[in-house]
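To start, the structure under review is shown below, and the notes come after it.
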Amino acid sequence: MLRRALLASFALLFSAVLPAQTSTVQADVSLAPVAATDTAKPDRSFRDTTGYRYPALARTRSDLQNLAYALQLRDYCADERVPDDFVKAQLESFSRITGRAETCRTLLAY
């Protein structure tokens, strides 16, 4: 009984895998001439990410780094012992990173 079930499951597995492998090979062969003739304008539609729920890891990493930097700057802004010139210099540096004019007030967005 067990042997019959194993044979049936292997048969189903191989019947599903073999057509998928042959269609992949056929797709690769049929796309090769198209790619060779269309070198002037590459097709970037395969990179469409409009339906993605989460952004790329690099963007997430930079968002987290900006958050850490913004929290540190918020602490500098709130601490009266930190010199104003130092805070302004750090805010200018952070503005160059984010691409927008940062002030102690805009750090609340992070």
Closest non-hydrogen atom pair between [X] and [Y], with its separation:
X	Y	result
Thr98	Tyr110	CG2-OH, 3.3 Å
Ala109	Arg100	CB-NH2, 3.9 Å
Asn66	Phe94	O-CZ, 3.6 Å
Cys77	Leu107	SG-CD1, 4.1 Å

Begin from the C-alpha positions of Arg74 and Leu71 and carry the test side-chain contact (heavy atoms from CB on, under 4.5 Å) through to its verdict.
-> CA-CA 5 Å; Arg74 284 174 65 179; Leu71 290 176; 4.0 Å; yes

Should Asp79 and Val87 count as side-chain neighbours, where that means a heavy-atom distance under 4.5 Å?
-> no

Single-linkage hydrophobic cluster Phe86~Ile97, side-chain heavy atoms < 4.5 angstrom = yes

Take atom CG in Leu64; do more than 12 heavy atoms of anything else shown fall under 6.0 Å from it?
-> yes

Is it true that the side chains of Tyr69 and Glu102 contain a donor and an acceptor less than 3.5 Å apart?
-> no

With rounding to the nearest 0.5 angstrom, report the [atom1] to [atom2] distance, [X] to [Y].
X	Y	atom1	atom2	answer
Gln65	Thr60	CD	OG1	11.0 Å
Gln90	Asp85	CD	CG	11.5 Å
Ser95	Lys88	OG	NZ	13.0 Å

Does the Thr103 side chain pair with the main chain of Thr106, one donor and one acceptor, at a distance under 3.5 Å?
-> yes

